[in-house]
J.: 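Before I ask anything, let me first share the structure, which is written out below as structure tokens.
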Amino acid sequence: MARWAIAIHGGAGVDPNLPEHRQEEAKRVLARCLQVGVDLLRSGAAALDVVEAVVRELETDPCFNSGRGSALTRAGTVEMEASIMDGNGRRCGAVSGVSTVRNPVSLARRVMDKSPHSYLAFDGAEDFAREQGLEVVDNSYFITEENVGMLKLAKEANAILFDYRIPLAGADTCSALAAASENRNNNAMVMNGLPISIYAPETVGCAVVDSNGFTAAATSTGGLMNKMTGRIGDSPLIGAGTYACGHCAVSCTGEGEAIIRSTLARDVAAVMEYKGLPLQEAVDFCVKERLDEGFAGLIAVSGTGEVAYGFNCTGMFRGCATEDGFMEVGIWE
């Protein structure tokens, strides 16, 4: 019997000034969702079922940017995307432009299991969800009051924001934008062209190896705040945001365009396979050498039960657990 292991994330690139209560809220959600995965693995569940179940939990909670609580397009609507991959045979499924499916990761699973394709988008994905009897809701279900305020801020800044819970109550928009400009001029850390003070992480993900040594990974997101309608990021792209094989399972988060250019998730598996690096060294190599000037992070598990993570920005919401009893939830280094 192999050793099971699980890793989850809720986005990379965290404002160091994020209020303490927001940090604690995020860690509570991560701990709860991590426990869901641990309980399933202890019961002998398959890796593929575990990653789907955990990401569904993350999609349902508005704390992070996936499912309910997703970032808004310029038009004020939600367009979500997700992917899932089974390391046993490298089967995969992905969806983009989903606007009414309550749990996009489950639609990605259905694309993999019940269609002849690997990727469906927009109307085709929505139609397939209804054919499969998946739960659908009005687009307004995914929209939170907080994200409506975030979109207003983004439009006034004429910028694209990675979404996270930036406290808006009582905040002065002009002051916030002035502070952002000052940070940029002072060469503060910038992600996706924005200072970390108004950047916010997106994407949730899970990587698992089960007691049979089979791996799986899943990733889900609402994308960028104030994004152009039709924009597709790394999360649904197999090999970029998600990958699983016999060597490892990986889920990425951060600047989507940089992750796409570097095929980050697949590269972790590739350097393990072709360079013979162990998991953590492979993760460190790819984060350091493959992102060029981009900022991102990732979680990974190996087929032998190791867990690893890496990021080149300020913080990543994450958690992990292994069969030997180790469990951790964290944000910073």
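Values below: all heavy atoms of this structure, side chains included; hydrogens, waters and symmetry mates excluded.
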J.: Does the pair Ile331 and Lys27 meet the rule for a side chain to side chain contact (heavy atoms under 4.5 Å, CB included), with working shown?
T.: CA-CA 8 Å; Ile331 300 176; Lys27 288 193 286 187; 4.0 Å; yes

J.: Knowing that exactly one of Ser235, Ser83, Ser251 qualifies, which makes a side-chain hydrogen bond (donor to acceptor under 3.5 Å, both in side chains) with Thr219?
T.: Ser251

J.: Determine whether Arg32 and Glu57 make a side-chain contact, defined as any pair of heavy atoms from C-beta on separated by less than 4.5 Å.
T.: yes

J.: Let me confirm one number: the NZ-CG distance from Lys155 to Leu72, rounded to the nearest 0.5 Å.
T.: 9.0 Å

J.: Could you tell me whether the side chain of Val148 reaches within less than 4.5 Å of the side chain of Glu145, counting heavy atoms only?
T.: no

J.: Compare all side-chain heavy atoms of Ser211 with those of Leu41 and state whether any distance is below 4.5 angstrom.
T.: no

J.: Ignoring hydrogens, what is the shortest heavy-atom contact between Val209 and Gly303? Give both atom names and the distance.
T.: CG2-O, 3.7 Å

J.: Whether the side chain of Thr253 engages the backbone of Ala12 through a donor-acceptor N/O pair (distance < 3.5 Å, no angle test) should be reported.
T.: yes

J.: How far does SG of Cys320 sit from CD of Glu328, to the nearest 0.5 angstrom?
T.: 5.0 Å

J.: Locate the shortest heavy-atom distance separating Leu279 from Cys248; write the atom from each residue and the value.
T.: CD1-CB, 4.1 Å

J.: Looking only at atom types and distance, does a side-chain atom of Arg110 sit under 3.5 Å from a main-chain N or O of Ser106, one as donor and one as acceptor?
T.: no

J.: Before accepting this row, confirm whether a basic side-chain N of the pair Glu257/Arg261 lies closer than 4.0 Å to the acidic partner's carboxylate O.
T.: no

J.: Considering only heavy atoms from C-beta outward, does the side chain of Val98 approach that of Glu126 to under 4.5 Å?
T.: yes

J.: For a side chain to side chain contact (heavy atoms under 4.5 Å, CB included) check, start with the C-alpha distance between Tyr119 and Ile232, then their side-chain angles and the critical distance, and finish with the verdict.
T.: CA-CA 12 Å; Tyr119 198 159; Ile232 295 172; 3.5 Å; yes

J.: With clusters defined by side-chain heavy atoms of hydrophobic residues (ILVMFWY) lying less than 4.5 Å apart, directly or transitively, does Phe64 cluster with Met316?
T.: no

J.: Would Tyr243 and Asp267 count as a side chain to side chain contact (heavy atoms under 4.5 Å, CB included) here? Give the steps.
T.: CA-CA 9 Å; Tyr243 194 74; Asp267 245 30; over 6 Å; no

J.: Looking at CD1 of Ile84 and CD1 of Ile238, how far apart are the two atoms once the value is rounded to the nearest 0.5 Å?
T.: 9.0 Å

J.: Looking at Arg130, I'd like to know if its CZ atom is crowded, meaning that more than 12 non-hydrogen atoms belonging to other residues, nucleotides or ligands lie closer than 6.0 Å.
T.: yes

J.: Which heavy-atom pair separates Ala240 from Cys252 by the least distance, and what is that distance?
T.: O-SG, 3.5 Å

J.: Without swapping roles, check the side chain of Gln23 against the backbone of Leu18 for a donor-acceptor pair under 3.5 Å.
T.: yes

J.: Please find the pair of heavy atoms, one from Ala300 and one from Ala7, that lie closest to each other, and give the distance.
T.: O-CB, 4.4 Å

J.: Hey, does His9 have a side-chain heavy atom less than 4.5 Å from the side chain of Tyr309?
T.: no

J.: When you group the ILVMFWY residues by side-chain heavy-atom contacts below 4.5 Å and let the links chain together, are Val250 and Ile260 in the same group?
T.: no

J.: Considering all heavy atoms of both residues, which atom of Pro62 and which atom of Thr144 are nearest to each other, and what is their separation?
T.: CB-CG2, 4.3 Å

J.: Are the side chains of Phe128 and Leu134 in touch, meaning some heavy atoms are under 4.5 Å apart?
T.: no

J.: Should Phe285 and Leu291 be counted in the same cluster of Ile, Leu, Val, Met, Phe, Trp and Tyr side chains packed under 4.5 Å apart?
T.: no

J.: With no hydrogens and no angle check, is any side-chain donor or acceptor of Glu79 less than 3.5 Å from a backbone partner on Gly230?
T.: yes

J.: Tell me whether Glu81 contacts the main-chain N or O of Gly97 through its side chain, where contact means a donor paired with an acceptor under 3.5 Å.
T.: no

J.: I'd like to know if the side chain of Arg68 reaches the main chain of Tyr141, judged simply by a donor and an acceptor atom lying under 3.5 Å from each other, with no hydrogens or angles considered.
T.: yes

J.: Do Asn147 and Met225 have side chains that approach each other closer than 4.5 Å (heavy atoms only, starting at C-beta)?
T.: yes

J.: Would you say Val307 and Val54 are hydrophobically clustered, going by side-chain heavy atoms of ILVMFWY under 4.5 Å?
T.: no

J.: Is the backbone of Ala46 close enough, under 3.5 Å, to the side chain of Asp210 for a donor and an acceptor to pair up by distance?
T.: no

J.: Say whether Phe295 and Ile299 are linked into one hydrophobic cluster, either directly or through other cluster members, by side-chain heavy-atom distances under 4.5 angstrom.
T.: no

J.: Is the shortest heavy-atom distance from the side chain of Ser99 to the side chain of Val78 under 4.5 Å?
T.: no

J.: Looking at Ala258, is its backbone amide N or carbonyl O close enough to the side chain of Ser262 to form a donor-acceptor pair, meaning the two atoms are under 3.5 Å apart?
T.: yes

J.: On a heavy-atom basis, which atom in Asp15 and which in Trp332 lie closest, and how many Å separate them?
T.: O-CH2, 3.6 Å

J.: Could you check Arg91 against Asp113 for side chain to side chain contact (heavy atoms under 4.5 Å, CB included), going step by step and ending with a plain yes or no?
T.: CA-CA 9 Å; Arg91 300 183 308 128; Asp113 287 341; 2.9 Å; yes

J.: Counting distance only, does the side-chain N/O of Thr215 pair as donor-acceptor with the main-chain N or O of Cys245 below 3.5 Å?
T.: yes

J.: Rounded to the nearest 0.5 Å, what separates atom CG in Leu224 from atom CZ in Arg74?
T.: 10.5 Å

J.: Could you state the interatomic distance from CD (Gln35) to CD1 (Ile8), rounded to the nearest 0.5 Å?
T.: 10.5 Å

J.: Nearest 0.5 Å, please: how far is CG in Asn312 from CG in Leu298?
T.: 9.5 Å

J.: Considering the options Asp49, Asp86, Val51, Val95, which one meets the side chain to side chain contact (heavy atoms under 4.5 Å, CB included) requirement together with Arg109?
T.: Asp49

J.: Can you tell me if Thr60 uses its side chain to pair, donor with acceptor, with the backbone of Arg56 under 3.5 Å?
T.: yes

